[in-house]
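Notes to accompany the following structure.
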Amino acid sequence: MKTKEIRIAIPKNFSWDECLWYLDRNYNDCLFHISNRSITKLVPVNGKQLLLQVTGTNGELIISCLNEKLSATDVHEVRDHITEWLDLDRDIKPFYKLLKANDQLAFMAKAYAGLRLPGIPDMHEALCWCIIGQQINLTFAHTLKRRLTEQYGASVSHEGQIHYAFPSPEILAGLTVDELKLLQFSTRKAEYVIGVSQLMAEGTLSKEKLLQLGTYEERVASLVKVRGIGAWTANYVLMKSLRMMQSITYGDAGMNKALQNLAGFGKNPSAQQVDEYFKPFKGWEAYLVFYLWRTLS
DNA sequence: CCCCAGGGCCATA
DNA sequence: TATGGCCATGGG
């Protein structure tokens, strides 16, 4: 069943080890498996759930599909998906130049050399993940995500292991608050997840519609109108799903903690303080947030 | 027992 | 507009 391997050349300033380390750090994520320096995950392509295995070697990423034969179109889509997921097309050298110009942050360019910002291409998944993660610790957030995914997500079994995809908007849109409370969602989280899923299932809210809005501010404003989406969630989603590099997750507990550790910030810095600190990193704010998170693990 | 976690809504003034 | 209570749960 194994199809021909797809190979993607590894760009400069990319480290597969850093990528693996970050994705595998401590939380037992339910949406991929890592073993032997390979990541295996389900990826929706052309209406199919492809079980892809990605391995980094010297100079290239090798991707194979474990459960389907790939058409030429599939191959093209897979290549695009992986490239976007791992942010392979970005030249991050300018970011490192900015890091090195900052005494407090210069160490990151070396310590985390080649670390890319992994995305969440599926905006529905990104939104739900944010809602789940609001105001609770990441360990419990991952527990909730796992329960939701194992209960309602599509799955593919391969060599004794079950691989899950995040549940579709249509499935979650049809749930009741009580069904999610059984998984230990709070009433609010349940309402938000169902509400967002309904908007996405009916097409009122979509990545495409968001992309049609020209500016960053318009996109934030559009997202924040939705119940359950505040400034933090909007920025997180623009960062991870639309890959907007100017995203700053204002109020983020992790980011604040890192700024406290590295830059002597107080517990709850204002948006203005954060903006001031980020000012030299124009166009790379999302990467700075991500590297700040990296210091916490 | 307390407080805080990769927040956001809602009531109140 | 600003502030405070509330939410579910686990860990320190």
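In what follows, chains carry the letters A, B, and so on, assigned in the order in which the sequence lines appear, proteins first and then strands, with residues in each chain numbered from 1.
Between A:Arg116 and A:Glu18, none of the side-chain N atoms (NZ, or NE/NH1/NH2) sits under 4.0 Å from a carboxylate O, so this pair counts as no salt bridge. Between A:Glu5 and A:Arg7, at least one side-chain N (NZ, or NE/NH1/NH2) sits under 4.0 Å from a carboxylate O, which counts as a salt bridge.
If you look at A:Tyr291 and A:Phe95, their ring centroids are closer than 6.0 Å. The six-membered or imidazole ring of A:His142 lies near that of A:Trp129, with a centre-to-centre distance under 6.0 Å.
We find that CG of A:Asn137 is positioned 7 Å from C1' of C:dG11, with the value rounded to whole Å. For A:Ile131 and B:dG8, the CD1 to P distance is 9 Å, given to the nearest whole Å. With rounding to whole Å, A:Ile136 atom CD1 is found 10 Å from C:dG10 atom P. One atom, CD of A:Glu191, and another, P of C:dC7, lie 13 Å apart when rounded to the nearest Å. As a whole-Å value, the separation of A:His142 NE2 from C:dG10 P is 16 Å. In this structure, the CG atom of A:Leu182 is 13 Å from the P atom of C:dA8, given to the nearest Å. Across the protein-nucleic acid pair, A:Lys145 atom NZ and C:dA8 atom C1' stand 19 Å apart, rounded to whole Å. Rounded to an integer number of Å, the gap from NZ of A:Lys189 to C1' of B:dC10 is 16 Å.
Comparing A:Leu138 and A:Val224 along DNA chain B, the residue whose closest nucleotide (by nearest heavy atom) sits nearer the 5' end is A:Leu138. Nearest-nucleotide assignment on DNA chain B puts the 5′-proximal partner with A:Gly254, out of A:Arg188 and A:Gly254.
When the P atom is compared between B:dC10 and C:dA8, the two are found 14 Å apart, to the nearest whole Å. Only the P atoms considered, B:dC2 is 14 Å distant from C:dG5, to the nearest whole Å. Of the P atoms belonging to C:dA2 and B:dA5, the separation is 23 Å, rounded to the nearest Å.
Under the side chain to side chain contact (heavy atoms under 4.5 Å, CB included) rule, A:Tyr192 has a single partner from A:Leu127, A:Ile131, A:Val226, which is A:Ile131.
Residue-level contact check: A:Leu296 touches neither bases nor backbone, having no heavy atom under 4.0 Å from any strand. Among the heavy atoms of the strands lying under 4.0 Å from A:Ala231 are primed sugar atoms or P, OP1, OP2 only; no base atom is included. As judged by a 4.0 angstrom heavy-atom cut-off over every strand, A:Arg25 is placed among the base-contacting residues. Heavy atoms of A:Thr233 sit under 4.0 angstrom from primed sugar atoms or phosphate atoms, though from no base atom. The residue A:Val289 sits apart from the nucleic acid: no heavy atom pair falls under 4.0 Å.
Under the Watson-Crick or G-U wobble criterion, with both distances below 3.5 Å, C:dG11 is paired with B:dC3. Applying the Watson-Crick and G-U wobble criteria (two distances, each under 3.5 Å), C:dT3 pairs with B:dA11.
Checking the phosphate oxygens (OP1, OP2) of C:dG11, no side-chain nitrogen or oxygen of A:Thr139 falls inside 4.0 Å.
Considering only the side chain of A:Trp232, B:dG7 comes nearest among C:dC7, B:dG7, C:dT9. Distances from the side chain of A:Lys267 to the nucleotides B:dA5, B:dC9, B:dG7 place B:dA5 closest. When the nucleotides C:dA8, B:dG8, B:dC9 are ranked by their closest atom to the side chain of A:Arg227, B:dC9 comes out on top.
A:Tyr287 and A:Asp87 are linked by a side-chain donor-acceptor pair at a separation below 3.5 angstrom, with hydrogens and angles left out of the test.
Taking only distance into account, the side chain of A:Gln184 never meets the base of C:dA8 through a donor-acceptor pair shorter than 3.5 Å.
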